[in-house]
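Reviewing the structure listed below.
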There are 2 protein chains.
Amino acid sequence: MPRPTTAPIGVVLARTAKAAGQAFDQALAAVGGSQPIWQILIALKTHQHTSQRELADAVGIQGATLTHHLNGMETAGLLTRTRDPENRRVHHVELTDHGETTFHRLAEAAVAHDNRMRTGLTDHEIATLATLLGRLAANVTTPAGE
Amino acid sequence: MPRPTTAPIGVVLARTAKAAGQAFDQALAAVGGSQPIWQILIALKTHQHTSQRELADAVGIQGATLTHHLNGMETAGLLTRTRDPENRRVHHVELTDHGETTFHRLAEAAVAHDNRMRTGLTDHEIATLATLLGRLAANVTTPAGE
DNA sequence: TATTGTTATACTCTATAACTATA
DNA sequence: TATAGTTATAGAGTATAACAATA
């Protein structure tokens with residue numbers, strides 16, 4: 001049984017993600033953002049969420065943690081929370097104009113960061129990388145609904 | 001200029017690393033460990049560090065942060081800190097028997113976690129993944145010595 | 001009672017600044 | 001003065017438990 005000669009992929013992944021994450025943190029911080037804020041903005045822009053619970057799931061955090069971030073983002077004027085008249089337990093989260101602007105500003109920083117990381121790699125290599133990462137993730141992610 | 005059709009690789013990487021990291025956290029916590037502790041144990045086992053400063057660099061954290069973890073690990077009986085007689089400013093960090101045992105216990109959990117992640121991927125694919133991640137990391141890592 | 005969200009609280013990891021001890 | 005490490009303090013992100021509001 002030929003032992004793999006590569007370092008544990010988990011170690012390589014963790015190391016890379018740490019370096020990339022720290023660089024990304026700095027890139028976002030430089031334009032007044034953070035990773036959780038960015039993830040929440042993405043989730044708000046890309047899906048129609050009916051509840052904060054759903055939003056929290058999309059971002060991968062607990063409801064209370066989401067509340068924590070939404071408080072800050074609402075204070076910063078990025079979004080508004082209004083109750084659904086149909087079911088007043090549910091809060092609708094919507095981006096303000098400032099929130100939209102912020103989203104685009106962070107998006108630019110994210111794109112720049114991505115381009116920096118992609119330097120020297122072909123589109124095909126990036127696609128391969130994305131595919132492999134996706135398969136890796138599938139092995140550690142609980143299938144939705146379980 | 002053909003826009004890449006893949007999702008930003010940073011997003012894919014962050015998402016994968018988060019899922020993998022959380023799963024790894026759980027795997028380590030189940031045997032009484034954590035990622036920083038694991039990283040410190042690895043650094044202690046794989047290199048001969050002359051100072052804590054060097055150790056901190058190897059783990060990628062600040063000296064004060066390392067002290068924080070070493071305090072906990074020393075209290076837990078995983079290691080000892082003794083002054084170098086030659087230069088009493090320098091502390092030598094050494095694993096106790098309990099530290100060695102803990103290292104092996106965490107290593108088992110880490111290997112199991114790695115095997116879980118590798119499921120369905122060939123050794124060649126893992127090697128490719130590791131290579132690509134390494135090249136990605138190089139783009140966001142400050143070259144040593146700068 | 002069940003569901004949605006918030007508040008209160010605390011834990012982990014991290015960092016910076018000020019400090020101690022050694023040289 | 002310079003270096004190795006620690007202490008004090010703080011901040012970000014996360015979580016759980018208890019709670020309030022609504023159904």
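Worth knowing before you read on, the calculation uses all heavy atoms, side chains too, and leaves out hydrogens, waters and symmetry mates. Below, chain A is the first sequence line, B the second, and so on; all start at residue 1.
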Ignoring backbone atoms, test whether B:Asn71 places a side-chain nitrogen or oxygen under 4.0 Å from the OP1 or OP2 oxygen of D:dG5.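 The answer is no; no side-chain N or O of B:Asn71 sits under 4.0 Å from OP1 or OP2.
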
Rounded to the nearest angstrom, tell me the gap between atom [atom1] in [X] and atom [atom2] in [N].
X       : N      : atom1 : atom2 : result
A:Trp38 : D:dG13 : CH2   : P     : 16 Å
B:Arg53 : D:dA2  : CZ    : P     : 16 Å
B:Glu54 : D:dT3  : CD    : P     : 16 Å
A:Met73 : D:dG13 : CE    : C1'   : 14 Å
B:His69 : D:dT7  : NE2   : P     : 15 Å
B:Gln35 : D:dT14 : CD    : C1'   : 14 Å
B:Gln26 : D:dT14 : CD    : C1'   : 13 Å

Quick one, [X] and [Y] - any side-chain contact, counting heavy atoms below 4.5 Å?
X        : Y        : result
A:His98  : A:Thr102 : yes
B:Ile37  : B:Met73  : yes
B:Glu100 : B:Leu41  : no

B:Glu125 and B:Arg118 ion-paired at < 4.0 Å: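 Looking at B:Arg118 together with B:Glu125, the answer is no, because their closest N to O distance does not fall below 4.0 Å.
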
Look at the side-chain heavy atoms of Ile, Leu, Val, Met, Phe, Trp and Tyr, link any pair under 4.5 Å apart, and say whether B:Leu106 and A:Val12 land in one connected group.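 No.
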
Starting at [atom1] of [X], measure out to [atom2] of [Y] and round the result to the nearest 0.5 Å.
X        : Y        : atom1 : atom2 : value
A:His113 : A:Asp25  : NE2   : CG    : 9.0 Å
A:Leu132 : B:Ile126 : CG    : CD1   : 7.5 Å
A:Gln52  : A:Asp57  : CD    : CG    : 12.0 Å

So, for B:Leu13 and A:Ala20, which heavy atoms are closest and what is the spacing to 0.1 Å?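 The pair with the smallest heavy-atom distance is CD2-CB, 3.6 Å.
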
With the threshold set at under 4.0 Å for non-hydrogen atoms, list the residues of residues 57-68 of chain B touching DNA chain C in residue-number order.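 When residues 57-68 of chain B is checked for heavy atoms under 4.0 Å from DNA chain C, the hits, listed by number, are B:Ile61, B:Gln62, B:Ala64, B:Thr65, B:His68.
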
Mind running a 4.0 Å heavy-atom check of residues 77-91 of chain B against DNA chain C and sending the residues that fall below it, in number order?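 Here the set is B:Arg83, B:Asn87, B:Arg88, B:Arg89.
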
Could you give the start and end, 5' to 3', of the contact zone on DNA chain C for chain B, using atoms under 4.0 Å from its heavy atoms?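 So the contact region on DNA chain C extends C:dC13 to C:dA23.
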
Using the six-membered ring wherever Trp is involved, compare the ring planes of A:Trp38 and A:Phe24 and label them parallel, tilted or perpendicular (cut-offs 30° and 60°).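 Because their plane-to-plane angle is over 60°, the rings of A:Trp38 and A:Phe24 count as perpendicular.
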
From the options A:Leu121, A:Asn115, A:Asp114, select the one residue that forms a side chain to side chain contact (heavy atoms under 4.5 Å, CB included) with A:Met117.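 Filter result, single survivor: A:Asp114.
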
